[in-house]
Enquirer: 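Sharing a structure with you now.
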Number of protein chains: 2
Amino acid sequence: MNEKKRPVGRPTSAEAGTALKAAALSLIREKGYEKVSIADIIRTAGVARQTLYNRWNTKADLVLEAVFDETGRYAAEPISDDDRTCRDQLEAFLIGVFTHLETDGDTLRALIAAAQRDAEFRAAFYTGFVLPRERMVTDLLRRAQEPGELSRARDPEMLSAFIHGAFWYRLLNGGSLDAGYARAIVGEIFGG
Amino acid sequence: MNEKKRPVGRPTSAEAGTALKAAALSLIREKGYEKVSIADIIRTAGVARQTLYNRWNTKADLVLEAVFDETGRYAAEPISDDDRTCRDQLEAFLIGVFTHLETDGDTLRALIAAAQRDAEFRAAFYTGFVLPRERMVTDLLRRAQEPGELSRARDPEMLSAFIHGAFWYRLLNGGSLDAGYARAIVGEIFGG
DNA sequence: ACAATTAATAGACTTGCGTCCATAAACGCA
DNA sequence: TGCGTTTATGGACGCAAGTCTATTAATTGT
């Protein structure tokens, strides 16, 4: 199971990969995703072009992994604070996401756009990034049904799609994602 | 008010514009949005490159106008059939949209992606295409509140965002949009 | 030490987008 | 008919993405 380091050939430079991811995130947050070229990234990282393409197929793949590394590969917060109502937990979760998007909203929009151009990336993005977050909300809503905080007549999966959908829809159409919108979403789900 | 045709210079060829839009839609439906290049479009239309750029800034602008021409500039159906319940009208509306997306879903995904790369296009796309359809649903839900088919405690705007959001979310993540999903959405809104 | 293997590098290359330019064509006006 | 104006055309151009190639560097095994 525990395979050792492979025995042959020059090892890949972990440093190069790290530098590329750091350069990509830094440049993108400074100038915006679309304005950062591959040439910019490799120049900043001090690495050859092919070194990037040895690891990732596109800028989107690189950025996705960089975001993974930062955000934690699976979801941000597990959210299972038994002290608070599920309603409050959902609101806190959404506010946390929206706050995070103040810095990375542009990046997320760009990744969603990239996913529309490449089916392979779309699958990787969905299973690795989107789905875990969707499930967090679905699970939370299911927990809310146990004590009757949320009616059992509701479908947690569809409600989770409503929540993420509303958030994506607003993000992609250039609307602002703030605490007020988070409260409005939660209010509509749990009742005003 | 009623300005006449402008009196000076060579007139723009309506034929060229029509040919470009037709070529774009035809090629895209055949090969998919991403696989169609500008060169393909102008070759098929039998028109010079600059002629395209005299009318539109990008492929997305061209395609958006082509879709406008086909779909009707404002929304597909006005939906105000007093015989049926609002619930049925909403379901029929969604099924109609989803059916239409069997041919143009790829195009819509591409336009949404393009909107993430260009703020100007995003605004045009939103106000010209997205918002009218969002309003149709909002208005329908408001009408549903009058006879009490939908509780007045619900917020039609947020519900419309839920509906379009769920639909976008599924479309953009590669899920299938079929009649079953339309019914599931409507069921969650109006009650199973 | 040396061979085999794999990664890193620099740079050429291809393709597509969008711009620019010079020239020809189509119109109104005199 | 000629002039001014605007569009259409074809081709050159610059830029960025991604591929490919030859060369060099780092590592293991003998």
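The sequence lines fix the lettering, A, B, ..., with proteins before strands; numbering per chain opens at 1. The shown structure was predicted, so the numbers you read here are calculated from the model rather than taken from an experiment.
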Enquirer: Please confirm whether B:F167 and B:Y181 have ring centers closer than 6.0 angstrom.
Expert: no

Enquirer: Short of 4.0 Å, heavy atom to strand atom, which residues of residues 28-42 of chain A count as contacting DNA chain C?
Expert: none

Enquirer: Could I get the full list of salt bridge (charged side-chain N to carboxylate O under 4.0 Å, His left out) partners for A:R43, not counting sequence neighbours?
Expert: A:D40

Enquirer: Roughly how many Å is it from CG in B:L20 to P in D:dT7, rounded to a whole number?
Expert: 15 Å

Enquirer: Are the side chain of B:E91 and the backbone N or O of B:R183 linked by a donor-acceptor pair below 3.5 Å?
Expert: no

Enquirer: Mark yes or no for a side-chain to base donor-acceptor pair under 3.5 Å between B:R10 and C:dA25, with no hydrogen or angle criteria applied.
Expert: yes

Enquirer: What are the residues of residues 47-58 of chain A, sorted by number, that bring a heavy atom to within less than 4.0 Å of DNA chain D?
Expert: A:R49, A:Q50, A:Y53, A:T58

Enquirer: Listing request: all ring pair (Phe, Tyr, Trp, His ring centres under 6.0 Å) pairs with a residue in residues 136-166 of chain B, at least two apart in sequence or in separate chains.
Expert: A:F162-B:F162, A:Y169-B:H164

Enquirer: With a distance cut-off below 6.0 Å to the six-membered ring centre and an angular limit of 45° from the axis, does B:K59 pair with B:Y33 as a cation-pi contact?
Expert: yes

Enquirer: Output all residues satisfying side chain to side chain donor-acceptor pair (under 3.5 Å) with A:T51, sequence neighbours left out; order by chain, then residue number.
Expert: none

Enquirer: Who are the salt bridge (charged side-chain N to carboxylate O under 4.0 Å, His left out) partners of A:E34, not counting sequence neighbours?
Expert: none

Enquirer: Same cluster for A:F121 and A:I112 if Ile/Leu/Val/Met/Phe/Trp/Tyr side chains link at under 4.5 Å?
Expert: yes

Enquirer: Measure from CG on A:D61 to P on D:dA17 and round the result to the nearest Å.
Expert: 14 Å

Enquirer: Nearest to the side chain of A:P11 - D:dA26, C:dA7, D:dT6?
Expert: D:dA26

Enquirer: Starting from P on C:dA7, measure out to CD on A:E15 and report it in whole angstrom.
Expert: 17 Å

